Each structure stands twice: as structure tokens, then as C-alpha cells.
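Here the structure is laid out as C-alpha cells; the discussion comes afterwards.
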Amino acid sequence: MSPITLRRWHSYLSLLAAPSVLFFTFTGALQLFSWHEAHGTYQPPAWLEKMSSVHKDQVMDKHDEDKPETGKAPAEEPKHEEEPLAPATVALKAYFFWVGAMLIVSTCFGAWMGLTQTPRKRVAWSLLIVGTALPLCILLL
């Protein structure tokens with residue numbers, strides 16, 4: 001296979017995967033600091049809970065499945081004080097958050113390059129659209 005053919009296939013596969021890479025990187029970075037979970041007085045935004053549920057369990061409304069069908073709220077778990085994280089753990093989480101941000105930037109640059117540097121722009125745009133729409137359609141089934 002020639003280098004040009006390899007580069008073309010790399011671009012096509014990357015454009016197809018880019019929307020999912022962006023989604024999982026973004027939601028994973030937010031989950032590093034448990035911003036998707038309620039704790040103390042903090043309540044996460046509903047969109048973040050839903051996206052986290054898709055990231056972790058591949059369903060949109062995991063929380064609705066956990067509720068009993070009797071209409072009663074589930075019994076509250078006993079509250080316990082959260083221990084503060086060790087400085088090394090916080091530093092590692094911050095580093096991984098930064099890596100996630102850089103992966104988002106890099107993926108956006110790659111998608112831009114894939115869309116602008118190819119002679120087959122319709123194919124490139126079609127793959128990006130399919131890479132975005134296909135997981136959404138499957139999720140909403």
C-alpha cells in the first residue's frame with residue numbers, strides 16, 4: 001500500500017471516529033473529579049449526569065432505571081464524610097484532565113486537517129456526519 005493510500009485511509013477512519021473520541025474525552029475528563037455525581041451540597045447538571053451515563057453504561061437515563069417502580073424515592077444511603085485526596089492523586093487527576101483537553105484540541109485539529117486537506121471533501125464530510133449520527137441513532141433506539 002502506498003503512503004498516499006495509507007494517509008487517505010487514516011484520514012477517513014479518523015473522521016469517522018473523531019466525534020466519539022471527542023465525546024469520550026470530554027466526558028471522561030469531567031468524571032476525573034466526580035463532577036457527574038452528587039456529593040455534599042453539589043448537584044451536577046442533568047446534561048452531565050446523562051452524558052456520564054452514556055459514557056459509563058451506554059444508556060441515556062441510567063438514573064431512571066435505578067428508581068423503584070412504586071413511585072417512592074430510593075432509601076438514602078448513609079452519608080459519610082469524604083476523605084480528602086492525597087496531593088499526588090490530585091496532581092495525577094489534574095494531569096489527566098490536561099491530557100484530555102489536549103486530546104480534544106488535537107482531535108479537532110486532525111478533523112480540520114482531514115476535512116480540508118483531502119481532495120474528496122464529500123467523502124470526508126460524510127464520514128464525519130456518519131460518525132456523529134450513527135452513535136446518536138443507536139443511543140436513541
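Since this is a predicted model, take the numbers as computed values, not measurements. What's counted below: heavy atoms across the whole structure, side chains too, no hydrogens, waters or symmetry copies.
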* List, by chain and then residue number, the residues other than Val90 in its hydrophobic cluster (Ile/Leu/Val/Met/Phe/Trp/Tyr, side-chain heavy atoms under 4.5 Å); write none if there are no others. =>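 Result for Val90 is Leu85.
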
Between [atom1] of [X] and [atom2] of [Y], what distance do you get to the nearest 0.5 Å?
X      : Y      : atom1 : atom2 : answer
Thr27  : Met51  : OG1   : CE    : 8.5 Å
Phe24  : Thr107 : CZ    : OG1   : 13.0 Å
Leu134 : Leu139 : CG    : CG    : 11.0 Å
Trp9   : Tyr12  : CH2   : OH    : 8.5 Å
Leu16  : Ile129 : CG    : CD1   : 12.0 Å

* Is there a side-chain contact (heavy atoms from CB on, under 4.5 Å) between Ser52 and Leu30 once you walk through the steps? -> CA-CA 9 Å; Ser52 172; Leu30 295 177; over 6 Å; no

* Would you kindly say whether Ser2 and Thr5 are connected by a side-chain donor-acceptor distance under 3.5 Å? =>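 Judged by distance alone, the side chains do pair up.
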
* Asked: Could you walk me through whether Gln31 and Lys56 pass the side-chain contact (heavy atoms from CB on, under 4.5 Å) check?
  -> CA-CA 10 Å; Gln31 290 178 37; Lys56 292 172 33 179; 3.2 Å; yes

Look at the side chain of [X] and the backbone N and O of [Y], then say whether any donor-acceptor pair between them is shorter than 3.5 Å.
X      : Y      : value
Ser53  : Glu49  : no
Ser106 : Met102 : no
His39  : Ser34  : yes
Tyr42  : Trp35  : yes

* Asked: In terms of ring plane angle, is the pair Phe26 and Trp47 parallel, tilted or perpendicular, where the classes change at 30° and 60°?
  ->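 Taking Trp47 first and then Phe26, their aromatic rings lie parallel (interplane angle under 30°).
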
Side chains of residues 113-125: which donor-acceptor partners sit under 3.5 Å, not counting sequence neighbours?
unit_1	atom_1	unit_2	atom_2	d
Thr116	OG1	Trp112	O	2.8
Thr118	OG1	Arg120	N	3.3
Lys121	NZ	Thr116	O	3.1
Lys121	NZ	Thr118	O	3.0

* Asked: Are Lys50 and Val54 close enough that some pair of their side-chain heavy atoms sits under 4.5 Å apart?
  ->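 No, side chains not in contact.
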
* So which heavy atom on Ala111 is nearest to which on Leu15, and how close? -> O-CD2, 3.7 Å

